[in-house]
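The next block holds one structure in the form of structure tokens; read it before the comments.
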Amino acid sequence: MTVEYTENMLHDEDDASDASSDVTELEEYDFPGHFFERDGRLFHSHGSLPYPLPADGPEQARLNSVHRILRDTVESHYLGPVTEVLSDARTRQKRVLDLCTGTGRWPMDMARLFPRVKIYGLDIVPIATRRPLPHVQFEIHDITKRLRWNNGAMDFIHARNIGLAVTDYPELLREVARLLRPGGLFFSGEIGRSIDFAHGPSFDLARQAPRARSFFQVVNRSLELRHLVPIADRIPSFIQQSHQFTVPTIQTFHIPIGDWHLNPVMRRVGRMYLAALKDFAESLKPMLREARMTQHEIDTLVTGFIEDIEHVPGLVGVYHTAWARKL
């Protein structure tokens, strides 16, 4: 049975046409080849790519939860002048590209809000729905390579939580700038690879949540072995230094961890994010084993992290966002 998922078959770096011959529709039997099993978890089979997390059912559930968490934190599926950028044009259909689309929840939700817009979602594994809405198309592609579309083909490019897949963000921005039309919109949203206190500098993470702090220090050292350095708060400067965009609009949001928040909606978000962080720690265990940590060291690290985030009130994750328009 043929399923509605396509694979980018572009091999010529100089050919970025929008022709349908650049993609091929996957058959049902094609899907297993994109995965391999290790330590009881399912991972992408593209060995040269640095992305460290599994792509199996538990990880997909975590990605879906993070999608809801960010929607409720921001109170929208998007920031910036998206409605203006995607308003109907008489001569052509507007186009949106979602990088590292994962389970594809964001393109599907956006498609319901903008039913006349064509939305593409790219990822290295086919874990999005195989029955997308008619104006949504999912494709398999490494976003660090040149993409198949012509210059200026996109109106809006959305890059949310792609920091574990990209080792050279300025290079990615050059490709984003190539693909966007003049006036097109780029959005970046990244949850920082650390935690903080919501209540300011009088709170000391090293003293009050030392095991949670240590967890992220160890994880970041392991990720740096894959050339994945923390970039969440550096992306606005990358955008400015590219000289391809307007001055970025920057917003940061606190995501509560646990149920300490006074607002009922954010208290629910905090419970969801606490669960998502526990799952995140579990998903990182195979990578920590690759970094030559013993099982006892990993268990001690993860257990201490979970105890801190469960019992220390006021902890938050920080969601860094920036949007800018193509010059």
Side-chain angles (χ1 to χ4, degrees), residues 7-8 10-11 13 16 34-36 38 41 43-55 59 62-63 66 97-102 120-127 139-149 154 157-180 186-194 215-245 248 280-281 283-293 317-324:
E7 183 168 21
N8 195 318
L10 184 60
H11 297 295
E13 291 292 320
H34 291 278
F35 304 92
F36 80 96
R38 185 177 81 243
R41 304 295 301 268
F43 291 82
H44 72 81
S45 61
H46 306 277
S48 63
L49 300 181
Y51 187 74
L53 297 177
E59 178 61 14
R62 186 189 72 84
L63 293 175
V66 169
L97 180 61
D98 184 35
L99 304 178
C100 296
T101 196
Y120 299 90
L122 300 186
D123 208 292
I124 56 172
V125 285
I127 59 174
E139 299 187 12
I140 301 171
H141 193 68
D142 173 10
I143 66 163
T144 66
K145 304 298 183 183
R146 183 179 172 96
L147 303 180
R148 68 180 179 87
W149 291 277
M154 296 294 163
I157 296 181
H158 180 262
R160 189 177 70 180
N161 290 333
I162 71 171
L164 293 181
V166 177
T167 58
D168 188 344
Y169 208 96
E171 177 63 28
L172 174 72
L173 280 176
R174 284 189 280 274
E175 180 68 355
V176 167
R178 183 187 72 79
L179 290 172
L180 279 175
F186 173 65
F187 170 83
S188 165
E190 294 284 335
I191 299 176
R193 296 206 316 242
S194 62
F215 172 82
F216 279 104
Q217 289 174 333
V218 171
V219 166
N220 284 328
R221 284 197 297 268
S222 297
L223 290 169
E224 286 169 10
L225 296 175
R226 297 169 176 251
H227 307 288
L228 295 170
V229 298
I231 57 168
D233 59 351
R234 300 170 60 197
I235 291 172
S237 66
F238 292 152
I239 293 173
Q240 287 188 282
Q241 291 164 12
S242 75
H243 304 295
Q244 297 285 337
F245 301 90
F280 178 64
S283 289
L284 283 169
K285 284 183 175 180
M287 183 193 75
L288 296 175
R289 292 189 193 99
E290 281 188 353
R292 300 185 182 279
M293 291 183 66
V318 182
Y319 183 46
H320 302 261
T321 73
W323 63 263

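Everything numeric in this text was worked out from a predicted model, so none of it was measured. Only this structure's heavy atoms are used, side chains among them; waters, hydrogens and symmetry mates stay out.
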| said: salt bridge (charged side-chain N to carboxylate O under 4.0 Å, His left out) for E290 and K285? Distances and angles first, verdict last. | reply: CA-CA 9 Å; E290 281 188 353; K285 284 183 175 180; over 6 Å; no

| said: Distance check, rounded to the nearest 0.5 Å: D168 atom CG versus H227 atom NE2? | reply: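 Between atom CG of D168 and atom NE2 of H227 there are 11.5 Å.
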
| field | Euclidean distance, L225 CG relative to L223 CG, rounded to 0.5 Å | value |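 Nearest 0.5 Å value for the CG-CG distance: 8.5 Å.
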
Test item: [X] and [Y] side chains (from C-beta on) under 4.5 Å apart, heavy atoms:
| X | Y | result |
| --- | --- | --- |
| L147 | L179 | yes |
| P170 | Q241 | no |
| T321 | F187 | yes |
| Y120 | W149 | yes |
| M154 | V176 | no |
| P230 | E224 | yes |
| L53 | F43 | no |

| task | Give me the ring orientation class for F280 and F215: parallel if the planes are under 30° apart, tilted from 30 to 60°, perpendicular past 60°. | result | perpendicular

| query | Mind checking whether F245 and F186 have parallel, tilted or perpendicular rings, split at 30° and 60°? | reply |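 Answer is tilted, since the angle falls between 30° and 60°.
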
Shortest non-hydrogen contact from [X] toward [Y]:
| X | Y | result |
| --- | --- | --- |
| S222 | A291 | OG-CB, 3.7 Å |
| P236 | A232 | CD-O, 4.4 Å |
| N220 | R193 | OD1-NE, 2.8 Å |
| I124 | I140 | O-CG2, 3.6 Å |
| G102 | I127 | O-CG1, 3.3 Å |
| R226 | P50 | NH1-O, 3.0 Å |

| Salt bridge between K145 and E175, side-chain N to carboxylate O under 4.0 Å? |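 No.
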
| Less than 4.0 Å between a side-chain N and a carboxylate O, is that true for R174 and E171? | yes

| L172 and its side chain to side chain contact (heavy atoms under 4.5 Å, CB included) partner, picked from I162, T144, T167 | I162

| query | Would C100 and N161 satisfy side-chain contact (heavy atoms from CB on, under 4.5 Å), going step by step from the backbone distance to the final call? | reply | CA-CA 8 Å; C100 296; N161 290 333; over 6 Å; no

Between [X] (side chain) and [Y] (backbone), is there a donor-acceptor pair under 3.5 Å?
| X | Y | answer |
| --- | --- | --- |
| T101 | D98 | no |
| H158 | S188 | no |
| D123 | H141 | no |
| E190 | G163 | yes |

